[in-house]
Amino acid sequence: MKKYLSSVLVLAMSGGLAYGGGRIEAVQTAQANPQPQPDCGCDPGIPSDVLATVNGAKITREMVDYEIKVRIAELRKQVAEARSRELENQLRKRVMDAEAAKRGVTIDQLEQQVVSTLKEPTEAEARAYYDQNKANIQGEFSEWKPSIISYLRDQRRQELINKFAAGLTESYQVRVLVATAAPPKNDAERARVLATVTGKPITAGDLEDALRSVIYDAQEEIYTLRRGQLDARINSLLLEQEAKKRNLSADSLYEAEIAPLIKPVRETDARTFYEQNRDRIQGGYVQVRQQIVEYLEGQEQTNAATAFAGKLRTTANLKDNLIEPEAPYYNISIDDRPWKGNPNAQVVIIEFTDFQCPSCGRTQPVLEQLMNEIGDKVKLVVRDFPLDQHAYAAKAAEAAEAARAQGKYWEYTALLFQNQNALEVVNLKEYATRLGLDRAAFDKALASGQYAAAVKKDLRDGTAAGVSSTPTVFVNGRKVKDKTLEGLKAAVQSALKVVGSRQ
């Protein structure tokens with residue numbers, strides 16, 4: 001549909017736009033052939049170059065990839081670059097772990113010692129960064145200031161840690177045997193030793209395990225891009241074949257079968273779309289109304305054509321060979337974390353959440369309804385993942401832990417989600433009073449950072465499981481894309497079937 005990437009939806013996506021705890025990126029298309037990319041091991045397996053046959057007519061991978069090959073090449077390159085960086089990450093982690101053990105401190109305590117001299121980014125530095133990157137940033141400086149300062153702080157923090165870790169390489173006998181490794185194709189290649197730290201090996205398999213989320217995200221996007229292109233080509237071919245079968249022109253078939261299915265766009269439709277997406281739309285309703293109407297009209301045309309093509313699919317000789325990649329499995333600890341539901345359930349839902357994240361706030365009623373409906377079949381576990389751009393999220397997570405110590409976790413977190421714009425320490429204490437908590441114990445825990453280490457552990461475990469935005473939900477160790485009630489129910493039902501098949 002021509003108007004799908006209208007300016008209403010594209011916004012400022014040319015450079016990636018932070019949104020809802022994640023990132024939205026433009027899907028680029030181009031006619032030119034991209035440069036050959038190194039093997040990334042991230043392209044979903046396809047049993048044949050023929051992705052589908054429609055009544056004997058073939059749709060090949062080359063045909064499907066034509067409009068999306070630039071983006072696919074970018075994804076392959078990103079994974080290849082991540083693989084080349086991961087060996088450095090593994091080396092740094094090993095020497096930092098060894099140094100922490102030598103000093104008798106936790107890794108968090110060691111990193112805190114290393115970054116103790118870090119200088120907080122100033123507003124002037126944040127402004128300079130904003131001005132240098134303004135072309136790719138949608139919004140005013142005041143809106144982006146906290147995120148920019150957090151980004152600059154993280155950059156400086158990582159630079160200090162990297163420099164410190166580099167100075168430990170001789171002390172811990174770091175030896176790099178292979179600078180760049182191709183993705184392993186079998187168990188023997190996974191066992192290949194790439195480097196050693198104090199004689200202990202880092203293998204190709206270690207890198208692949210650490211990159212599971214990066215690889216899967218690329219696989220998933222490539223699949224989604226191909227699925228969209230393939231479905232469009234299948235529908236187009238079916239319509240073309242049907243027109244030929246009826247001895248009609250494409251326009252005549254459109255007027256006879258598709259045009260009657262198109263629903264007119266009402267003013268209420270445009271207004272509802274605006275309200276549902278206003279946090280991603282620049283400008284008032286009056287300014288963007290026409291663009292919204294044109295977008296919705298295009299959607300209706302596409303929906304009508306898809307509906308008619310769907311009818312044709314029921315009688316067509318159609319074979320679809322495109323396989324969706326399976327989400328990787330993560331063994332995520334749930335020890336000593338807040339939970340509800342069936343303690344002995346064989347299906348465990350784990351949510352990584354941020355109390356200041358609006359998307360997390362919208363997900364809570366969905367999880368509550370899910371537990372009300374099927375709580376006897378599942379166990380829901382919550383882990384913290386306060387995002388850097390949310391200034392009050394980490395302390396709110398500590399406060400939730402302090403409330404849990406007094407048996408009021410779920411009541412307290414309900415208040416946090418109901419008051420996401422009021423999460424400063426004074427507010428956190430007021431909510432404790434409202435629930436009748438022991439304020440002396442609560443305040444002491446908050447002031448001393450008693451639960452900061454627990455929150456940081458959740459962050460580390462979440463990062464290791466590929467969490468980068470909130471809310472992120474896992475069902476029996478696999479990340480769930482669709483966090484609607486229907487999507488979560490489907491994931492639970494699928495997990496129950498798998499569990500049942502093993503019994």
Q: Would you call Arg271 and Glu267 a salt bridge, taking side-chain N to carboxylate O under 4.0 Å as the test?
A: no
Q: Is it the case that the side chains of Gln291 and Tyr295 hold a donor-acceptor pair, with the cut-off being a distance below 3.5 Å and no angle test?
A: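 The answer is no; no qualifying pair exists.
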Q: Look at the side chain of Gln356 and the backbone N and O of Ala393, then say whether any donor-acceptor pair between them is shorter than 3.5 Å.
A: yes
Q: Just to verify, what does Leu237 make a side chain to side chain contact (heavy atoms under 4.5 Å, CB included) with, not counting sequence neighbours?
A: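 Here the qualifying residues are Val54, Ala57, Ile59, Glu240, Gln241.
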Q: Please determine whether the number of non-hydrogen atoms from other residues, nucleotides or ligands lying under 6.0 Å from atom NZ of Lys93 exceeds 12.
A: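 12 or below, so no.
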Q: For the residue pair Pro471 and Phe352, establish whether any side-chain heavy-atom pair is separated by less than 4.5 Å.
A: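 Not touching, per the 4.5 Å side-chain cut-off.
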Q: Taking NZ, NE, NH1 and NH2 as the nitrogens, is one of them in Asp384 or Lys456 under 4.0 Å from a carboxylate oxygen of the other?
A: no
Q: Using a 3.5 Å distance criterion without hydrogens, assess whether the side chain of Thr302 forms a donor-acceptor pair with backbone atoms of Gly298.
A: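 Pair found, side chain donor or acceptor close to backbone of Gly298.
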Q: Check the side chains of Ser359 and Arg362 for a donor-acceptor pair under 3.5 angstrom, ignoring hydrogens and angles.
A: yes
Q: Check this for me: does any side-chain nitrogen of one of Glu324 and Arg227 sit under 4.0 Å from a carboxylate oxygen of the other?
A: no
Q: State which residue, out of Glu220, Arg71, Glu67, fulfils the side-chain contact (heavy atoms from CB on, under 4.5 Å) condition with Leu225.
A: Arg71
Q: Does Thr272 offer a backbone N or O that forms a donor-acceptor pair with the side chain of Glu275 under 3.5 Å?
A: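 No, Glu275 side chain to Thr272 backbone: no donor-acceptor pair under 3.5 Å.
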Q: Is the shortest side-chain heavy-atom distance between Arg383 and Ile350 below 4.5 Å?
A: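 Counting from C-beta outward, Arg383 and Ile350 do come under 4.5 Å.
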Q: Using only heavy-atom distances, determine whether the side chains of Glu368 and Gln364 contain a donor-acceptor pair under 3.5 Å.
A: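 Not at all, the side chains of Glu368 and Gln364 share no donor-acceptor pair under 3.5 Å.
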Q: Should the heavy atoms of other residues, nucleotides or ligands under 6.0 Å from CZ of Arg192 be counted, would the total exceed 12?
A: no
Q: For Gln301 and Glu297, which I'm curious about, is there any donor-acceptor pair between the side chains at under 3.5 Å?
A: no
Q: Under a 3.5 Å threshold, yes or no: a donor from one side chain and an acceptor from the other, between Glu86 and Asn89?
A: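 Looking only at side-chain atoms, Asn89 and Glu86 do form a donor-acceptor pair, the distance falling under 3.5 Å.
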Q: More than 12 non-hydrogen atoms from neighbouring residues, nucleotides or ligands closer than 6.0 Å to NZ on Lys483, yes or no?
A: yes
Q: My understanding is that only residues two or more places apart in sequence, or in another chain, count here; which of them pass side chain to side chain contact (heavy atoms under 4.5 Å, CB included) with Arg103?
A: Glu99, Val105, Leu110, Gln113, Phe164
Q: Would Tyr392 and Phe355 count as a ring-ring contact (aromatic ring centres under 6.0 Å, His included) if you check the C-alpha gap in whole Å, the side-chain angles of each, and the deciding distance to 0.1 Å?
A: CA-CA 8 Å; Tyr392 307 114; Phe355 296 113; over 10 Å; no
Q: Is it true that atom CZ of Arg266 has more than 12 heavy atoms of other residues, nucleotides or ligands lying nearer than 6.0 Å?
A: no
Q: Applying ring-ring contact (aromatic ring centres under 6.0 Å, His included), can you list everything that pairs with Tyr431, at least two apart in sequence or on another chain?
A: none
Q: Sequence neighbours excluded, which residues qualify as side chain to side chain contact (heavy atoms under 4.5 Å, CB included) partners of Ser236?
A: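 With neighbours one apart ignored, the set is empty.
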Q: Using 4.0 Å as the upper bound for N to carboxylate O, is an ion pair formed by Asp269 and Lys263?
A: no
Q: Is the closest side-chain donor-acceptor distance between Asp482 and Thr484 under 3.5 Å?
A: yes
Q: So, do Val381 and Pro338 sit near enough that their side-chain heavy atoms are less than 4.5 Å apart?
A: no
Q: Considering the options Arg190, Arg83, Arg94, which one meets the salt bridge (charged side-chain N to carboxylate O under 4.0 Å, His left out) requirement together with Asp206?
A: Arg94
Q: With no hydrogens and no angle check, do the side chains of Tyr151 and Gln155 hold a donor and an acceptor under 3.5 Å apart?
A: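 Judged by distance alone, the side chains do pair up.
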Q: Only counting residues at least two apart or in another chain, list the ones meeting side chain to side chain contact (heavy atoms under 4.5 Å, CB included) with Glu326.
A: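 Glu326 satisfies side chain to side chain contact (heavy atoms under 4.5 Å, CB included) with Arg478 once adjacent residues are dropped.
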Q: Salt bridge or not for Asp154 and Arg157, using N-O below 4.0 Å?
A: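 A salt bridge is absent here (no side-chain N lies under 4.0 Å from a carboxylate O).
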Q: Not counting sequence neighbours, list each pair that qualifies as a side-chain hydrogen bond (donor to acceptor under 3.5 Å, both in side chains) and has a residue in residues 403-422.
A: Glu401-Arg404
